[in-house]
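Following: one structure in structure tokens, then a few remarks.
Heavy atoms only: backbone and side chains are in, while hydrogens, waters and symmetry mates are out. All figures in this text were calculated on a predicted structure; none of them were measured in a lab.
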Amino acid sequence: MHLKTICALCFFIPFWTCGVTAQETTCTLKLEQLPNAGELRGFRLGMTMDQVKARVPPVVFGRTDQFGLSKTSINPHFDSRFDATSFEGVRTVSFNFLDGRLIELWVGYDAGFKWQKLDEFVAGFGKALGLPGRWQAKGRGQLISCDGVEIFASMVGGSPGLRLTDTVAEHTLTSRREEAANAQEEAEAAEVAFIGDKQTKLYYPPGCAAAKDVSPANRVLFTDVEEAQKAGYKQTRKCQ
């Protein structure tokens, strides 16, 4: 039957009898509802560093940066310190922590893992994680977005890999980075700009230490003295 005919029939036939339903294309599972799939070898998003350490004592965590992010990886396939039996089929596991909790987990499998083709890998994990939605092509892999979590499958080094991301925590991290970048831009601009105080109608020349006392809510920037004076501002006596 022609595609247009099929689509037209969907207006008259109950949605559950048509080819693709809303349930098949949308994943509404929340992060905490994802099951502890054995294929993830005991790891899940939201784990604390202590919980990961209890699972793999040899792990060494990376430095936590100014945004609260810490990254580290383990290589059970190559490192004899890890129990090869409990990591059968796994080459590498990477962890991203934010404020001490796991927000991104990537598991890279080796040639011994049971699902080697991307299609069967996606189908297998879709069932293992109880994913009700349909995977979508993204780059060279497949992605499914649920409520607060994304799962991305791809082929790496000839074998499959799976990345799970806490999108709510990822948004928090992005916001922190953007706020820091904006603050840095403002600080750099303040070094070469005349800072005005909307409340007092005074301006501070570049390098004036007293300008730091002007609250962000009252702060306005001028490129030069003329611009400040035209706006009705006078120079503060603190930096004359």
side-chain contact (heavy atoms from CB on, under 4.5 Å) evaluation trace for Thr236 with Lys238: CA-CA 5 Å; Thr236 177; Lys238 295 180 180 180; 3.6 Å; yes
Derivation and outcome, side-chain contact (heavy atoms from CB on, under 4.5 Å), residues Phe78 and Arg91: CA-CA 7 Å; Phe78 308 103; Arg91 182 176 62 247; 3.7 Å; yes
Please name the pair of heavy atoms, one in [X] and one in [Y], separated by the smallest distance, quoted to 0.1 Å.
X	Y	answer
Val59	Ile74	CG2-CG2, 3.7 Å
Leu29	Gly130	CD1-O, 3.1 Å
Val93	Phe87	CG2-CE2, 4.5 Å
Arg219	Val214	NH2-O, 2.8 Å
Ser94	Ser73	OG-OG, 2.8 Å

4.5 Å side-chain heavy-atom contact, Val56 and Val52: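 Result yes, sub-4.5 Å side-chain heavy-atom pair found.
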Beyond-backbone contact of His171 with Thr167, side-chain heavy atoms, under 4.5 angstrom: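 Contact flag for His171/Thr167 side chains = no.
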If you look only at distance, which donor and acceptor atoms sit under 3.5 Å apart when one is on a side chain in residues 200-207 and the other is two or more places apart or in another chain?
residue	atom	partner	partner atom	Å
Thr200	OG1	Leu202	N	3.3
Tyr203	OH	Gln235	OE1	3.4

Sequence neighbours excluded, which residues qualify as side-chain contact (heavy atoms from CB on, under 4.5 Å) partners of [X]?
X	value
Gln66	none
Ser86	Arg55, Asp83
Thr223	Glu227

Out of curiosity, [X] [atom1] to [Y] [atom2], how far, rounded to the nearest 0.5 Å?
X	Y	atom1	atom2	result
Phe67	Asp99	CZ	CG	12.5 Å
Asp147	Thr28	CG	OG1	7.5 Å
Phe194	Asp224	CZ	CG	6.5 Å
Leu40	Leu45	CG	CG	8.5 Å
Ser215	Asp197	OG	CG	6.5 Å

Pairs flagged by disulfide bond (SG atoms under 2.5 Å apart) wherever residues 101-154 is involved - sequence neighbours left out: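 Disulfide bond (SG atoms under 2.5 Å apart) check on residues 101-154 returns Cys27-Cys146.
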Partners passing side-chain hydrogen bond (donor to acceptor under 3.5 Å, both in side chains) against Asp79 (at least two apart in sequence or in another chain):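 Arg81.
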Contacts of type side-chain hydrogen bond (donor to acceptor under 3.5 Å, both in side chains), residue Asp213, not counting sequence neighbours: none
Path from [X] to [Y] over hydrophobic side-chain contacts below 4.5 Å:
X	Y	result
Val168	Ile144	no
Val225	Phe222	yes
Leu69	Met47	no
Leu98	Leu31	no
Met49	Leu164	yes

Leu162 vs Phe125, side-chain contact (heavy atoms from CB on, under 4.5 Å): CA-CA, chis, key distance, verdict: CA-CA 9 Å; Leu162 191 76; Phe125 261 108; 3.6 Å; yes
Is a donor on one side and an acceptor on the other found under 3.5 Å between the side chain of [X] and the backbone of [Y]?
X	Y	result
Gln51	Thr48	yes
Arg44	Leu34	yes
Arg140	Val156	no
Gln33	Lys30	yes

With Phe95 via ring pair (Phe, Tyr, Trp, His ring centres under 6.0 Å) - residues at least two apart: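 Ring pair (Phe, Tyr, Trp, His ring centres under 6.0 Å) check on Phe95 returns Phe43.
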Contacts of Phe61 that satisfy ring pair (Phe, Tyr, Trp, His ring centres under 6.0 Å) - sequence neighbours left out: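 Counting only residues at least two positions away or on another chain, Phe61 forms a ring pair (Phe, Tyr, Trp, His ring centres under 6.0 Å) with Phe97.
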Neighbour count above 12 (heavy atom, 6.0 Å) for Gln199 CD: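 Not buried by this count: 12 neighbours or fewer within 6.0 Å.
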Lys53, NZ: over 12 other non-hydrogen atoms inside 6.0 angstrom: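 It does: Lys53 NZ has more than 12 such atoms within range.
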Connected-component partners of Leu143 among ILVMFWY, side-chain separation under 4.5 Å: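 ILVMFWY cluster around Leu143 also holds Phe152.
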Residue pairs fulfilling salt bridge (Lys or Arg N to Asp or Glu O under 4.0 Å) with at least one residue in residues 158-173, sequence neighbours excluded: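 For residues 158-173, and leaving out neighbouring residues, there are no salt bridge (Lys or Arg N to Asp or Glu O under 4.0 Å) pairs at all.
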Show me, pair by pair, the donor-acceptor contacts under 3.5 angstrom made by side chains of residues 102-118, not counting sequence neighbours?
residue	atom	partner	partner atom	Å
Glu104	OE1	Thr165	OG1	3.0
Glu104	OE2	Asn96	ND2	3.4
Tyr109	OH	Glu39	O	2.8
Asp110	OD1	Gly112	N	2.8
Asp110	OD2	His77	ND1	3.0
Lys114	NZ	Glu39	OE2	2.8
Gln116	OE1	Ser159	OG	3.4
Gln116	NE2	Asp110	O	2.8
Gln116	NE2	Phe113	O	3.1

